[in-house]
Amino acid sequence: MPAPITEERNLADRETLLDAAEALFYERGIRSVGMDEVRAASGLPLKRIYRFFATKEDLVVAVLRRRDQRWRASLSAHVEQVAEPRERVLTMFDWLAEWFAEPGFRGCAWINAHGELGSQSPAVLAEVRAHKQAFHDQVAEWVGATGEPVTEPVLLLAEGAIVTAGISGDPAPAAQARAAAARLLGAT
């Protein structure tokens, strides 16, 4: 009789699975990746994968949720190193520029997921909306600290830069959006 699987092993296997699925989904798209490819990339048997996530949709939601936590934590850690409120907002665009320049950058994972599944998957749509709301709330906090009533325009600049960089493959939209945000904030 095989030994029972420990909680540590479960956690490690779940992370391995999420890493493999996230890499495949982000690089190639959700619909184009079959569960056999996720199995091969993770090294886990399908039976084990389906114990973690009953459906591919459940796996997609878990990937997006975990990515959201890491993405927003990285952005916040970068931005919150800056004390001055206007510079803090502008630093967000510097972080975006670094992200856009990363090898394999394919735009916003949530917008990509929405484009593929948003109209057919209420669970994916809810996760996309939760991410976008959390990003909005964070930007609103940073912009609010400047005293300027420009949260929505700054957010649209950030979102537009993300989409444009994802489509063009060029990180320049981050600097362009930063310059526009600086004008909105009255920063030099």
Side-chain angles (χ1 to χ4, degrees), residues 11-76 78 92-93 95-140 152-174 176-177:
L11 291 173
D13 285 353
R14 186 178 190 278
E15 288 301 304
T16 297
L17 172 59
L18 290 171
D19 288 343
E22 181 177 355
L24 287 168
F25 294 159
Y26 188 67
E27 179 185 337
R28 295 189 19 228
I30 297 164
R31 288 181 185 232
S32 69
V33 174
M35 290 305 287
D36 279 335
E37 292 170 280
V38 173
R39 176 197 50 76
S42 69
L44 297 171
L46 280 176
K47 188 175 179 181
R48 185 128 172 80
I49 290 170
Y50 285 116
R51 281 191 189 136
F52 288 119
F53 303 103
T55 66
K56 184 177 179 182
E57 178 184 56
D58 293 340
L59 177 59
V60 170
V61 168
V63 163
L64 291 174
R65 187 170 293 148
R66 187 182 72 152
R67 187 177 179 102
D68 168 71
Q69 292 166 352
R70 288 192 331 253
W71 189 89
R72 288 187 305 107
S74 176
L75 174 60
S76 291
H78 185 84
M92 172 181 65
F93 293 98
W95 184 89
L96 290 175
E98 290 174 20
W99 177 41
F100 299 167
E102 288 177 4
F105 173 74
R106 282 196 62 250
C108 177
W110 299 273
I111 291 172
N112 297 346
H114 181 267
E116 285 193 73
L117 302 173
S119 65
Q120 295 134 9
S121 171
V124 170
L125 180 59
E127 198 59 38
V128 168
R129 286 180 174 164
H131 165 75
K132 292 301 181 183
Q133 186 62 55
F135 181 49
H136 176 278
D137 294 348
Q138 186 61 71
V139 171
E152 298 308 316
V154 169
L155 181 68
L156 289 172
L157 286 167
E159 290 286 3
I162 293 168
V163 171
T164 304
I167 292 170
S168 69
D170 182 358
Q176 295 160 350

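All figures in this text were calculated on a predicted structure; none of them were measured in a lab.
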Minimum heavy-atom distance Ala97-Pro171, with the two atoms named: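 Shortest heavy-atom separation between Ala97 and Pro171 comes out as O-CB, 4.1 Å.
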Closest contact, heavy atoms only, Ala20 versus Val38: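 Where Ala20 meets Val38 most closely, the heavy atoms are CB-O, 4.5 Å.
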Has the side chain of [X] got a donor or acceptor atom that lies under 3.5 Å from a matching backbone atom of [Y]?
| X | Y | answer |
| --- | --- | --- |
| Asp68 | Leu64 | no |
| Ser32 | Arg28 | yes |
| Glu116 | Ile30 | yes |
| Glu159 | Leu156 | no |
| Lys56 | Val33 | yes |

In Å and rounded to the nearest 0.5 Å, what is the [atom1] to [atom2] distance from [X] to [Y]?
| X | Y | atom1 | atom2 | value |
| --- | --- | --- | --- | --- |
| Glu15 | Ser42 | CD | OG | 12.5 Å |
| Leu46 | Arg51 | CG | CZ | 12.0 Å |
| Trp110 | Lys132 | CH2 | NZ | 7.5 Å |

Between Thr55 and Asp58: side-chain donor-acceptor atoms closer than 3.5 Å: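 Side-chain D/A pair, Thr55 to Asp58: present.
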Test item: side-chain donor near acceptor, Ser74 and Trp99, under 3.5 Å: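 Per modelled atom types, Ser74 and Trp99 side chains form no pair under 3.5 Å.
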Considering only heavy atoms from C-beta outward, does the side chain of [X] approach that of [Y] to under 4.5 Å?
| X | Y | value |
| --- | --- | --- |
| Leu125 | Gln120 | no |
| Val60 | Val63 | no |
| Leu157 | Phe93 | yes |
| Leu59 | Leu18 | yes |
| Leu44 | Arg39 | no |

Atom CZ of Arg129: over 12 foreign heavy atoms under 6.0 Å: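 Open: at most 12 neighbouring heavy atoms sit under 6.0 Å from CZ of Arg129.
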Is the shortest side-chain N to carboxylate O distance from [X] to [Y] below 4.0 Å?
| X | Y | answer |
| --- | --- | --- |
| Glu27 | Arg106 | no |
| Arg70 | Glu22 | yes |
| Arg66 | Asp19 | yes |

Phe135/Trp71 aromatic ring centres below 6.0 Å: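 Yes, ring centres under 6.0 Å apart.
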Geometric cation-pi criterion, Arg67 with Tyr26: 6.0 Å, 45°: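 Yes - Arg67 lies over the ring of Tyr26, closer than 6.0 Å to its centre and within 45° of its axis.
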